[in-house]
Protein chains: 2
Amino acid sequence: MKVLIVEDDPLHRSYLNEAVRAALPECDSVIEAENGIAGERIAREYKSAHIVMDLQMSPRNGIEAARTIWKERPETRILFWSNYSDEAYVRGVSRIVPDGAAFGYVLKSASDDRLRLALRSIFIEAQCVIDREVRGMQQKSLGQTNGFSDSEYEILVDIALGLTDRAIARRRNLSLRSVQNRLQHLYEKLGVHHPSMPKHEGPKHEGPEHDEGRFNLRSRAVTVAFLRKLLNYSALERAEAELGEWLRAR
Amino acid sequence: MKVLIVEDDPLHRSYLNEAVRAALPECDSVIEAENGIAGERIAREYKSAHIVMDLQMSPRNGIEAARTIWKERPETRILFWSNYSDEAYVRGVSRIVPDGAAFGYVLKSASDDRLRLALRSIFIEAQCVIDREVRGMQQKSLGQTNGFSDSEYEILVDIALGLTDRAIARRRNLSLRSVQNRLQHLYEKLGVHHPSMPKHEGPKHEGPEHDEGRFNLRSRAVTVAFLRKLLNYSALERAEAELGEWLRAR
DNA sequence: CAAAAATGTGCGGGATCCCGCAAGACGGAG
DNA sequence: CTCCGTCTTGCGGGATCCCGCACATTTTTG
């Protein structure tokens, strides 16, 4: 059994190396890569390797690297080992994991023991292991009760990229009004109206006029999403790249 | 001599602990704190301590912690030890360092040797040490030739927060038109016009009309600033807090 | 199956935004 | 002092955004 470690921080890398050797005595070689690019390359060479991967790296973050690796070999088992449980990360990961593939998501703050358990579960039992904190996010991110539906998340990304209503309509094959409709739902869910003035609650609105401390809803929504960790840097980076492709394809 | 280490990652914390003991044999006690809150409290108890501090922590990041610590004891020497050299971080630090205080900024990617040097320079010689990569940012961030002036940065933060033109005008004591003026300068500097279509260059404009792949400049500017690391999460967090104060004060 | 909720689309209008044109204020260079 | 660049402010208008009202279609729920 071979294990590939993809992690940019040397300290964390050597820690992982030790943890893997201790947890998996049947593992006969541990290889290391220090970013997504190198990770992809080495994964191609050592085809049979299991992978432990950090999410935030540069160049090429963990999600992108995982996507190309899984595209080439969907049965690869990947354990994501990350500092954060941002919704943006969780959503990003769960969007790219192939059907039936074994993967894991544990936080760096997890105990040595939990990491050991996860390593054995995934790489030996082929069983998915997802940290409790992360699982919480996943529930919210997929169930539409409390969290955000895919279409709402989609339009959030679009306005974050700075697209015009019209541009969004073209990109998503919708009418202009539908886009604006989705925007309104988004604004409501984010609670973007009046900063802290529930003067007259109810969504009556009765007249925008020259209200006092009003926000620019579009920009405000992006920032609120950011502060709530619905978006983060790497999610934006990916979205920007996809936008670039789409623009080139037109 | 006492040294306080404020760092949330246990691996990095123990690495720092060793590095400090090795570099400063005259140091007789090394204390650790795992976030900004605890850091502030311990800094109050061990008044004479020098500090090595991470920037991104939660709750209370390094910049906020440093600000309150310096407010109580401005001669404290602080070495910032960070993963990134984002303009947002550099600007944040250089805005709060008291006159004549000794501080340092080194990246976590620096060699053991450079870290050792920095520790001795700051804590023994009271000399400022700033990594080359970071220094580059600082030049750009303060000189107005290539980087962004304070007023431009200010308005960038304001639109990122989702403020209306009118709201910005009130907050910064400007006329509406001036705000829009600054916005235009910002848009130009960020190069936010047409994604990749220098169809008719020159700022003639001649008619926005229903141009093809047009952006919503306001939102686009925020995202571009984000991707260029002029803004980041902690900068937004701070700005949001300041906005809250301002709103309450009105 | 029918009621209810969610979603897509059109129309219209008031509020904002983006920005060209132009005049006044301030400060440094000649 | 005059000239010139930078910053500020006002005016005006076309484009865009935000959103209420209305209606059709789809999905969910009871």
Side-chain angles (χ1 to χ4, degrees), chain A residues 143-145 147-156 158-194 202-222, chain B residues 144-145 148-156 158-160 162-194 200 202-222:
Chain A
Q144 59 268 52
T145 42
F148 289 74
S149 76
D150 279 349
S151 67
E152 285 158 346
Y153 186 75
E154 206 175 54
I155 206 168
L156 169 61
D158 284 340
I159 63 170
L161 286 174
L163 293 180
T164 277
D165 287 10
R166 196 183 337 259
I168 299 175
R170 275 203 303 273
R171 182 137 118 108
R172 306 298 182 190
N173 285 320
L174 291 172
S175 79
L176 203 61
R177 189 61 182 88
S178 294
V179 171
Q180 299 176 330
N181 230 329
R182 290 188 174 186
L183 279 176
Q184 280 186 247
H185 290 309
L186 181 67
Y187 297 151
E188 273 184 37
K189 280 216 180 169
L190 286 174
V192 157
H193 303 273
H194 22 55
K204 265 187 60 183
H205 258 221
E206 77 171 24
E209 280 168 4
H210 45 71
D211 225 348
E212 263 305 314
R214 197 65 178 269
F215 280 128
N216 173 323
L217 300 184
R218 181 170 282 245
S219 302
R220 182 69 186 162
V222 174
Chain B
Q144 60 269 46
T145 42
F148 289 73
S149 77
D150 279 350
S151 67
E152 285 158 346
Y153 186 77
E154 207 175 54
I155 205 167
L156 169 60
D158 284 340
I159 62 168
L163 292 179
T164 278
D165 287 9
R166 189 173 354 248
I168 299 175
R170 276 203 303 273
R171 180 137 118 108
R172 305 299 183 191
N173 286 319
L174 290 173
S175 80
L176 205 59
R177 188 62 182 87
S178 293
V179 171
Q180 299 176 331
N181 231 331
R182 292 188 175 186
L183 279 177
Q184 281 186 248
H185 290 314
L186 182 67
Y187 297 151
E188 273 183 38
K189 281 214 181 172
L190 286 174
V192 157
H193 303 274
H194 24 57
H200 46 247
K204 265 185 60 181
H205 257 225
E206 76 171 24
E209 282 169 1
H210 45 70
D211 226 349
E212 264 304 316
R214 197 63 179 268
F215 279 130
N216 174 323
L217 299 184
R218 180 170 282 245
S219 303
R220 182 68 186 162
V222 175

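This structure is a prediction, so every number in the text was calculated from the model and none was measured.
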Separation of [X] atom [atom1] from [N] atom [atom2], in whole Å?
X         : N       : atom1 : atom2 : answer
Leu183(A) : dT9(C)  : CG    : P     : 14 Å
Leu186(A) : dC19(D) : CG    : P     : 11 Å
Asn181(A) : dC21(D) : CG    : P     : 14 Å
Arg166(A) : dC18(D) : CZ    : P     : 14 Å
Gln180(A) : dG12(C) : CD    : C1'   : 12 Å

What pair of heavy atoms forms the shortest contact from [X] to [Y], and how long is it?
X         : Y         : answer
Ser219(A) : Ile159(B) : CB-O, 3.5 Å
Leu186(A) : Glu152(A) : CD1-O, 4.0 Å
Arg171(A) : Leu161(A) : NH2-CD1, 3.9 Å
Asn216(A) : Leu163(B) : CB-O, 4.0 Å

It should be established whether [X] places a side-chain nitrogen or oxygen under 4.0 Å from OP1 or OP2 of nucleotide [N].
X         : N       : answer
Ser178(B) : dT8(D)  : no
Arg214(B) : dA15(D) : no
Thr164(A) : dT16(D) : no

Next on the checklist: I'd like to know if Gln184(B) reaches the base of dC18(C) with its side chain, counting only an N/O donor and acceptor under 3.5 Å.
Outcome noted: no
Checklist entry - With a 3.5 Å cut-off and just heavy-atom distances, do the side chain of Arg177(A) and the base of dG10(C) make a donor-acceptor pair? => result yes
Mind listing the N/O atom pairs, protein and nucleotides 24-26 of chain C, below 3.5 Å?
none

Among [options], which nucleotide sits nearest the side chain of [X]?
X         : options                  : result
Leu174(A) : dG8(C), dC18(D), dT8(D)  : dG8(C)
Asn216(B) : dC19(C), dT8(D), dC17(D) : dC17(D)
Leu217(A) : dC19(C), dG8(C), dC19(D) : dC19(D)

Checklist outcome for this item: One would report the end-axis bend of the helix from dC1(C)-dG30(D) to dG30(C)-dC1(D), five pairs per end and rounded to 10 degrees, as 40°
Next on the checklist: What contact category does Leu176(A) fall into here, base, sugar-phosphate, or nothing, at under 4.0 angstrom with non-hydrogen atoms?
Outcome noted: nothing
Next on the checklist: Using a 4.0 Å heavy-atom cut-off, does Ser151(B) contact any base of the nucleic acid, only the sugar-phosphate backbone, or nothing at all?
Outcome noted: nothing
